[in-house]
Amino acid sequence: MTRAVRQAQASSGTRRVAIAGNPNTGKTTLFNQLTGARAKVGNYPGVTVERHFAPLELDGLGAVQLMDVPGTYSLSARSREEQLAIQAVAGLHPLERPDLVVCVVDATQLVRNLYLVLQLIELGLPVVVALNMSDRLAATGQTVDEAALERELGVPCVPIAAARNQGLKELRAAMARVLAEPRRGLPGWRWQPSDPLLESDLKTVQKELPIEWTHGEEGRARAIALWALLSVDESDELHAIPANLRAVVARRRKLAEVSGRNLDEEIIRGRYDWLDGRARLFLRDSGAGVSLTDRIDRVLLHPALGFAIFLVLMALVFQSLFAGADPVIGWIESLFAWLGGVVGDALPNGILSELVTEGLIAGVGSVLVFLPQILLLFLFLGFLEDSGYMARVAFLMDRVMKTLGLHGRAFVPMLSGYACAVPAILATRTMERQRDRVLTMLVIPLMTCSARLPVYGLLIAALVPRDGSMPFAQGLLLVGMYLFSTLVALVAAAVLGRTVLRGPNVPLLLEMPPYRMPHLRSVLRMMWEKSAVFVKEAGTVILLCTVAMWALLSFPRSRAADTAPEPQRAAAELQSSYGARLGRAIEPALAPLGFDWKIGVGLIGAFAAREVFVSTMAVTYGVGDANAGSVALRERLREERRPDGSRLFTPLVCLSLMVFFALSCQCMSTLAVVRRETGSWRWPAFLFTYMTVLAWLASFVVYQGGKLLGFA
Amino acid sequence: MLAPMVRLIDLPDGCEGRLLRLDGDRAFRRRLMELGLLPGTPVRVVRRADIGGVLELEVRRSRLTVRTGEASLVFVSR
């Protein structure tokens with residue numbers, strides 16, 4: 001039956017080849033070298049873990065489908081993300097079984113890498129071992145005898161150096177041979193526990209496995225039973241494990257413990273003993289001295305110097321995100337403003353012209369405007385990740401980040417949040433667990449991003465007295481806003497991580513990979529992929545929102561306004577729009593914060609992008625020059641009165657408004673990108689709600705507290 | 001003669017010991033063992049990051065980082 005299934009699969013469609021391997025073994029580089037730029041990115045069903053597919057031409061076989069498996073040291077799993085590895089290689093529902101698994105192995109850490117190969121062989125999958133980094137063996141004082149390794153494992157082993165494009169022809173040939181004749185990649189034996197007690201544990205667990213998992217194959221059932229014994233426990237986050245299987249694993253583990261046995265150790269030791277016992281046949285290790293990585297780490301991980309270098313590097317990343325992307329963003333903005341002007345002139349005045357210029361063209365512009373920062377950030381991330389430095393960041397920052405409930409790798413995304421939340425949220429992919437990613441995404445929008453600066457600039461200018469009696473007040477206020485937002489973000493992380501996103505504490509067991517030259521092609525490809533995915537998936541939402549915002553602030557059309565001269569016309573039109581009605585409707589909620597309905601309209605407009613607040617206010621007040629530095633607008637704010645004749649923009653109201661901007665999620669692009677990264681509207685809805693509530697409460701405290709203290 | 005048992009975090013930088021016992025959370029022990037650190041395996045403390053609160057270890061030619069809290073549950077012979 002099984003043979004029939006396999007044959008049917010083979011004949012029915014393209015053959016599938018999975019690329020598995022430990023993290024940091026050059027899996028991605030190999031994937032890129034084999035397939036070029038033809039890869040497609042998708043998500044694993046039900047989770048937001050990326051999966052790459054690409055067609056690959058093999059001699060005599062035509063095209064096969066190549067797909068990657070998340071990097072893993074072992075198939076055993078605790079989190080939902082780790083479970084994907086076994087699902088992908090064993091072809092558990094809903095994933096399909098591969099016809100061949102290429103296991104990429106770091107030849108310089110051979111035995112530890114072979115642990116995974118052993119598990120793949122146990123599952124009865126045709127395997128080809130790609131011995132990557134074999135060009136670096138000599139430098140580490142090791143030699144590997146491939147022929148002996150092949151003999152011992154019983155599967156083809158091909159030495160390659162993926163980054164240098166060496167050995168790939170031989171690898172492709174080996175893949176083609178095994179696909180044509182699967183038994184070449186099946187050694188016909190597998191590691192088996194020799195202990196009769198463990199044997200009976202396995203038999204018992206095996207009986208509880210669903211038939212869809214085992215396909216009725218004895219060997220496969222044993223391998224999955226071993227997986228279950230290592231993986232399933234009371235605190236795992238695994239998906240779709242039958243209750244009876246959970247029960248039997250718990251019972252067998254308990255029984256073993258009572259009689260002083262440790263099932264984990266028995267299984268893992270069994271595999272390592274098997275490998276260690278044969279290692280001398282294929283591996284010679286002279287135990288060479290200090291590696292280059294060691295020498296670099298003496299500097300980069302030095303308690304004082306290493307930390308200083310770390311700070312400089314991070315400052316550099318931040319500065320380029322902030323300043324480097326700025327001119328390009330300016331060009332994109334002017335390009336789209338120009339385009340809007342040209343198209344606006346060409347079209348007859350009216351709704352269509354406005355829809356095209358203020359809705360569509362502005363919308364596309366507001367998507368593309370994120371690209372410079374996304375590209376830059378992923379350029380840096382690519383280099384940090386590929387060179388091996390990212391693991392050092394986690395090493396240096398772990399204590400601080402852990403106190404906050406954050407992953408050590410959350411540091412770079414959080415830092416990027418000071419430039420813009422959108423690329424920063426995309427960068428959370430560097431963390432494996434969904435929980436760590438979501439927590440980081442929930443606090444990033446609290447960081448003072450660059451879109452808040454024009455708003456602060458306007459309000460601070462309106463707030464500080466003109467007479468120059470407080471010369472440093474402006475700068476100090478701005479610094480204060482940065483400190484305030486950072487503090488709130490850190491507290492929010494600590495609170496959310498202990499409440500909404502409380503999860504099992506995951507032991508930090510990271511590998512410190514050797515330093516490697518980043519592979520430019522992989523870095524460029526990641527930049528391209530990220531940008532494409534952003535434009536395609538988040539971009540559509542942002543575009544739709546821009547059009548919706550335009551409609552909200554332009555309808556219904558008021559005829560009376562048409563005759564008025566320009567700034568007044570726009571003001572009259574805005575004031576009769578649905579947006580203004582909405583502003584008036586929410587005024588009772590904003591009044592306790594010191595805001596009137598016009599500020600409400602500004603807040604609604606700011607949803608398109610925070611800095612739009614400035615131009616919305618300019619339109620509301622009929623000021624032609626809509627720029628944060630505009631003197632006219634600043635003066636207009638100072639003059640604005642409440643119905644009772646008192647000044648509206650008192651220093652206290654300005655402060656309250658700044659606090660509101662610091663904490664609220666007035667940014668549809670952020671929400672769109674969180675939706676794309678978490679796969680549902682649940683988290684963006686939560687993000688928006690919690691930040692709005694937080695902002696309202698904080699502004700309330702500032703305004704009402706300030707009034708109580710006697711400030712106006 | 002029985003080798004004296006010390007906690008892994010008490011091993012000075014650059015020193016090697018042999019793993020004797022692993023305590024702590026099952027997930028932690030399982031992961032460490034799957035990375036090749038089984039009782040009897042030599043393990044060396046490479047360096048520690050006091051600010052980071054992390055220890056760098058060398059096991060089977062690979063470098064692992066472990067939090068100091070968890071490393072105090074790992075016992076080695078000197």
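Computed from a predicted model, the values in this text were never measured in an experiment. Chain A is the first sequence line, chain B the second, and so forth, proteins listed ahead of strands; every chain is numbered from 1.
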Exercise. Any side-chain donor-acceptor pair under 3.5 Å between A:T108 and A:R136?
Worked result: no
Problem set entry | Proximity breakdown for A:N262 and chain B, heavy-atom pairs closer than 4.5 Å | side chain
Seminar exercise, completed: If one checks every heavy atom of A:E234 against chain B at 4.5 Å, the contacting part turns out to be neither
For this session: Check each atom of B:L22 against the heavy atoms of chain A and say whether the ones under 4.5 Å are side chain, backbone, both or neither.
Result: neither
Exercise. In terms of heavy-atom pairs under 4.5 Å, which option from A:P303, A:P513, A:S76 contacts chain B the most?
Worked result: A:S76
Seminar exercise, completed: Across all chains, not counting sequence neighbours, the ring-ring contact (aromatic ring centres under 6.0 Å, His included) partners of A:Y115 are A:Y272
For this session: May I ask you to decide if A:L75's main-chain N or O and A:T72's side chain share a donor-acceptor pair within less than 3.5 Å?
Result: no
Seminar exercise, completed: Under 4.5 Å to a heavy atom of chain A? For B:V46 that would be side chain
Exercise. Hey, does the side chain of B:E34 reach the backbone of A:S74 with a donor-acceptor pair shorter than 3.5 angstrom?
Worked result: no
Exercise. Do you know which of B:L64, B:L35, B:V66 has the most heavy-atom pairs with chain A at a distance under 4.5 angstrom?
Worked result: B:L35
For this session: Can you tell which part of B:R48 gets under 4.5 Å to a heavy atom of chain A, answering side chain, backbone, both or neither?
Result: backbone
Exercise. Under a 4.5 Å heavy-atom cutoff, which of A:L301, A:D106, A:V111 has the most pairs with chain B?
Worked result: A:L301
Problem set entry | Per-residue contact mode, A:R253 against chain B (heavy atom under 4.5 angstrom) | side chain
Exercise. Looking just at side-chain N and O atoms, do A:R295 and A:Y515 make a donor-acceptor pair shorter than 3.5 Å?
Worked result: no
For this session: Could you have a look at A:T293, A:I267, A:N113, A:D276 and say which one has the most heavy-atom pairs with chain B under 4.5 angstrom?
Result: A:D276
Exercise. Heavy-atom distance under 4.5 Å to chain B: side chain of A:L116, backbone, both or neither?
Worked result: neither
For this session: Tell me, please, which residues at least two apart from B:F75 pass ring-ring contact (aromatic ring centres under 6.0 Å, His included).
Result: none
Problem set entry | Check: A:L406 and A:M414 side chains under 4.5 Å, non-hydrogen atoms | yes
For this session: Heavy-atom distances under 4.5 Å only: say whether A:A304 touches chain B with side chain, backbone, both or neither.
Result: neither
Exercise. Do A:H407 and A:M401 come close enough that some side-chain heavy atom pair is under 4.5 Å?
Worked result: no
